[in-house]
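Structure first, commentary second.
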Amino acid sequence: MPYDDFSKIDEDYFDTILEEDFKFEGTIKYADSLIIKGYVKGKIESNKILVIGPNALIEADVLAKTLQCFGKINGNVIVEEEAYFHSPSTLNGDITTPILTFEKGCILNGRVRMNSKESTKNEVKE
Amino acid sequence: MANLLENYYNNKKIKTILGKNTNFNGDLSFRDSLKINGTYIGNINATGLLVIGENATVQANIKAKSIVIYGTVKGDINAEERVEMLPICKVQGNVKAKKIKISDGVVFNGRCEIIKGQ
C-alpha cells in the first residue's frame with residue numbers, strides 16, 4: 001500500500017477512521033489500524049498502523065507499531081517498528097523507534113532515541 | 001442540509017468509524033456522522049448522526065441530533081430529532097427525543113420523554 005500520498009490511502013483497510021469533524025479528549029486503546037484526521041487529546045494506543053492526517057492535531061502520547069504522520073503531534077511517541085514523517089509534518093516531543101524517517105521540511109522539536117526492535121517492544125509493554 | 005438519517009438509510013457511507021476492538025474512554029464531539037463498533041466510555045456531545053453498532057458497548061450520556069442503536073447503551077440519551085432502537089439492542093437509561101422508535105425485541109429500561117416540536 002502506498003503511503004507517500006495521503007489521498008491515495010485505501011481507507012477500507014482501516015477499521016477505525018476518525019474524520020476531520022472528530023474531537024476527542026481521553027484514551028484510545030486497542031485500536032488495530034487507525035486513521036486520525038481530527039483532534040485527539042490524551043493518549044493513543046494502536047497495535048498495528050497509525051496514520052495521522054494532514055490537518056490532524058494530536059496532543060497526546062502516542063504508542064503504535066508503525067506510524068505514518070502527515071500532521072502535527074504534540075506529545076511523546078513510541079513506535080515499535082517504523083516511524084515515517086511526511087513533509088510538512090511536525091513533532092513536538094520525544095520519539096523512540098528503531099527505524100525513523102523525517103522528510104525534508106518536517107519539524108522536530110524533541111529528543112530521538114533509537115533502540116533495537118526488542119528493547120522498544122519491552123518499553124511498549126511497560 | 002439533507003437529513004442525515006435518510007442518508008444513512010440510503011447507504012451513504014458513515015465516515016468516522018470506531019473499530020470493533022477499540023476502547024475509547026473520554027469526551028467526544030463531532031458534527032457529521034459517526035459509528036461505534038467497539039467499546040466507548042464517557043460523554044458524547046454531537047450535532048450529527050450517531051450509530052451504535054451491533055457489537056458495540058457504550059456507557060455514556062449521549063447528546064446528538066439523531067441516534068440509531070443496534071448495540072448496548074447504558075446512560076441517558078438526548079436527541080434533538082430521533083432515536084431508533086433496533087433489534088436486538090439493549091438500552092438502560094432515560095431517552096429524550098422528538099421521535100422515538102422502539103422495535104420488537106428491544107430491551108429498554110428507562111423513561112421516555114417526547115420533546116414537543118416547535
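By convention in this document, chain letters (A, B, ...) are assigned in the order of the sequence lines, proteins followed by strands, and residues within each chain are numbered from 1.
- Heavy atoms of other residues, nucleotides or ligands lying less than 6.0 angstrom from CD1 of I88(B) number 12 at most.
- Note that CD1 of I17(B) is 5.0 Å distant from CD1 of I17(A), once rounded to the nearest 0.5 Å.
- By the rule that hydrophobic residues join a cluster once side-chain heavy atoms approach within less than 4.5 Å of another member, F108(B) and V58(B) end up as members of one cluster.
- The shortest heavy-atom contact between D21(A) and D32(B) is OD2-N, 2.6 Å.
- For the pair L28(B)/F22(A), a side-chain contact is recorded, criterion being any heavy-atom separation below 4.5 Å from C-beta on.
- Taking OG1 from T22(B) and CG from D32(A), the interatomic distance works out to 8.5 Å, rounded to the nearest 0.5 Å.
- Pairing each heavy atom of Y30(A) with each of N23(B), the nearest pair is CD1-CB, 3.6 Å.
- Follow the hydrophobic side-chain contacts under 4.5 Å out from L57(A) and you never reach F30(B); the two are in separate clusters.
- Between R31(B) atom CZ and E19(A) atom CD the span is 11.0 Å, to the nearest 0.5 Å.
- For chain A, no part of I41(B) is nearby; none of its heavy atoms comes within less than 4.5 Å.
- V51(A) and Y84(A) are members of different hydrophobic clusters when ILVMFWY side chains are connected at heavy-atom separations under 4.5 Å.
- One distance of note links CZ of F24(B) with OG1 of T16(A); it measures 5.5 Å at 0.5 Å rounding.
- Side chains of F24(A) and L18(B) form no contact here, defined as non-hydrogen atoms less than 4.5 Å apart.
- Annotation: maximal heavy-atom pairing with chain B below 4.5 Å, among K37(A), K29(A), E11(A), occurs at K29(A).
- In the hydrophobic cluster analysis, where Ile, Leu, Val, Met, Phe, Trp and Tyr join through side-chain heavy atoms closer than 4.5 angstrom, I95(A) is grouped together with V62(A).
- Taking hydrophobic clusters as Ile, Leu, Val, Met, Phe, Trp and Tyr residues chained together by side-chain heavy-atom distances below 4.5 Å, L50(B) does not share a cluster with I115(B).
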